[in-house]
2 protein chains.
Amino acid sequence: MFSKACEYGIRAMIYIGQQSADFGRRVGLKDIAAEIDSPEAFTAKVLQGLVRQQLVTSVKGPTGGFELTPEQLRTVTLKQIVVAIDGPDILQGCALGLPQCSAKQPCPMHFQFLPIRDQLNELLRTHTIGELAGKVHDGLAFLKR
Amino acid sequence: MFSKACEYGIRAMIYIGQQSADFGRRVGLKDIAAEIDSPEAFTAKVLQGLVRQQLVTSVKGPTGGFELTPEQLRTVTLKQIVVAIDGPDILQGCALGLPQCSAKQPCPMHFQFLPIRDQLNELLRTHTIGELAGKVHDGLAFLKR
DNA sequence: CAAATACCGGACAAAAATGTCCGGTAATAA
DNA sequence: TTATTACCGGACATTTTTGTCCGGTATTTG
Ligand code: FES
Ligand code: FES
């Protein structure tokens with residue numbers, strides 16, 4: 001479904017968001033990698049990209065780390081993260097790999113697949129990091145194991 | 001979503017099925033690759049695997065090629081093909097890559113993601129190759145362009 | 001039987017994804 | 001100011017996926 005990079009990116013964002021929302025605390029790479037069970041250096045690469053796209057904020061030096069501003073917590077969606085890392089293909093590409101997904105020249109799965117893909121779009125579009133971080137805070141969801 | 005191998009595999013199977021159902025005609029690799037716009041040698045590899053799993057039948061020598069028996073047309077589903085090529089992960093794996101998808105230890109997307117994944121399961125489980133080949137026959141669906 | 005055909009199987013090659021390392025830079029704190 | 005901290009950026013390494021090649025084998029036709 002998603003690439004490893006994307007999985008790590010989402011999990012990292014939710015963890016950063018949870019720490020920012022609950023404690024106003026910045027988190028370092030080592031901390032993140034440990035809490036979401038991901039390779040540290042690779043996760044760094046993924047987060048660097050998200051910082052460039054301003055989906056997350058980073059601060060260098062002692063007491064530095066990653067954080068999500070209240071605005072980012074409220075506005076950054078799963079869709080933005082997925083598109084930033086994996087590109088828009090999963091949101092609009094053909095299930096069977098045809099170069100164009102269209103109702104004019106549909107693949108045999110098109111009309112059955114479309115509603116499913118649309119629901120995925122809706123899921124990604126309507127869920128913010130702040131919302132998902134809340135579940136982790138409440139002990140209703142987990143980021144590893 | 002699916003790997004390239006899986007996309008080629010499904011498209012090839014539908015084309016083979018359409019030719020078997022409509023004309024009782026075996027099709028060769030060159031023909032298949034041209035009709036579904038896929039790399040010939042790579043498609044061969046994918047089909048070899050499906051032959052081993054008896055999802056499609058192959059015959060060597062002149063007049064040989066690939067075909068689907070009436071039974072295969074009726075019973076082989078998208079799910080069987082996807083699992084044979086990509087494995088069961090897309091049908092049961094966690095959206096965020098947790099080693100186990102479970103409601104006991106759910107990731108933050110679990111309860112929203114589950115119904116979508118279930119619908120995909122249902123789509124793959126309930127559609128046979130014969131059924132999809134029929135759409136191509138009727139000009140309602142296409143395997144390239 | 002002999003020749004031609006077409007899938008089979010394994011080795012090989014290229015590209016992409018995943019993962020690591022290390023020096024550079026900016027920020028903090030003593 | 002100086003030392004320390006922690007992200008940044010690029011190069012490098014490994015693994016997986018994608019794709020190619022070629023001789024072998026089975027089958028058909030003459
Ligand atoms: S054309 Fe294949 S999903 Fe739309
Ligand atoms: S635990 Fe992640 S989808 Fe079920």
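Owing to the predicted nature of the structure, the values given are computational and were not obtained by experimental measurement. Values reported hereafter were calculated over all heavy atoms of this structure, with side chains retained and with hydrogens, waters and symmetry mates removed. Reminder, nothing fancy here: chain letters follow the sequence lines and each chain counts from 1.
- Distance Glu40(A) CD to dC8(D) C1': 14 Å, rounded to the nearest Å.
- Proximity note for Pro39(B) (side chain, C-beta onward) versus dT29(D), dT27(D), dG19(D): the nearest is dG19(D).
- Nucleic acid contact for Leu47(B): none, since no nucleic acid atom lies under 4.0 Å from a heavy atom of the residue.
- Listed for the Arg117(B) side chain is a donor-acceptor partner under 3.5 Å among the backbone atoms of Gly93(B).
- Checked against dT29(D), dT20(D), dT18(C), the side chain of Thr63(B) finds its nearest nucleotide in dT29(D).
- Taking atom CD1 of residue Ile85(A) and atom C1' of nucleotide dT18(C), one finds them 14 Å apart after rounding to whole Å.
- The distance between atom NZ of Lys30(B) and atom P of dA6(C), rounded to the nearest whole Å, is 8 Å.
- The residue among Gly61(B) and Ser3(A) whose nearest nucleotide of DNA chain C is located toward the 5' end is Gly61(B).
- Cys101(B) contributes atom SG, which lies 12.0 Å from atom CG of Leu91(B) (distance to the nearest 0.5 angstrom).
- A donor-acceptor contact shorter than 3.5 Å links the side chain of His127(A) to the backbone of Leu123(A).
- Judged purely by atom type and a 3.5 angstrom limit, Asp37(B) has no side-chain atom pairing as donor or acceptor with the backbone of Arg145(B).
- Side chain of Arg125(B) to main chain of Thr77(B): no donor-acceptor pair is present (N/O by atom type, distance under 3.5 Å, no hydrogens or angles).
- When distances run from any side-chain atom of Lys60(B) to the nucleotides dT25(D), dC8(D), dT20(C), the shortest one goes to dT25(D).
- A donor-acceptor pair is defined here as one N or O able to donate and one able to accept, closer than 3.5 Å; no such pair exists between the side chain of Arg11(B) and the backbone of Lys144(B).
- With rounding to the nearest 0.5 angstrom, the OH atom of Tyr8(A) is 12.5 Å from the CG atom of Leu47(A).
- Listed for the Lys4(B) side chain is no donor-acceptor partner under 3.5 Å among the backbone atoms of Gly97(A).
- Taking atom CG on Asp37(B) and atom P on dG19(D), their separation rounds to 11 Å, with Å as the unit.
- Here CD1 of Ile14(B) is found 10.0 Å from OG1 of Thr128(B). Values are rounded to the nearest 0.5 Å.
- Of the residues in residues 6-24 of chain B, those placing a heavy atom less than 4.0 Å from an atom of DNA chain D are Tyr8(B), in numerical order.
- What separates CG of Leu29(B) from C1' of dG9(C) is a distance of 14 Å, to the nearest Å.
- Comparing Phe42(B) and Gly64(B) by the nucleotide of DNA chain D whose heavy atom lies nearest to each, the residue mapping closer to the 5' end is Phe42(B).
- Near DNA chain D, meaning a heavy atom under 4.0 Å from it, residues 48-57 of chain B has no residue at all.
- Here the C1' atom of nucleotide dC8(D) and the CD1 atom of Ile32(A) are 14 Å apart, to the nearest Å.
- Separating the NZ atom of Lys4(B) from the P atom of dG19(D) is a distance of 7 Å, rounded to the nearest angstrom.
- Closest to the Lys45(A) side chain, of the nucleotides dC21(C), dT20(D), dT18(C), is dC21(C).
- Distance Phe2(A) CZ to dA17(C) P: 16 Å, rounded to the nearest Å.
- Distances shown here put every side-chain N or O of Ser58(B) at or beyond 4.0 Å from the OP1 or OP2 atom of dA6(C).
- A donor-acceptor contact shorter than 3.5 Å links the side chain of Gln72(A) to the backbone of Gln54(A).
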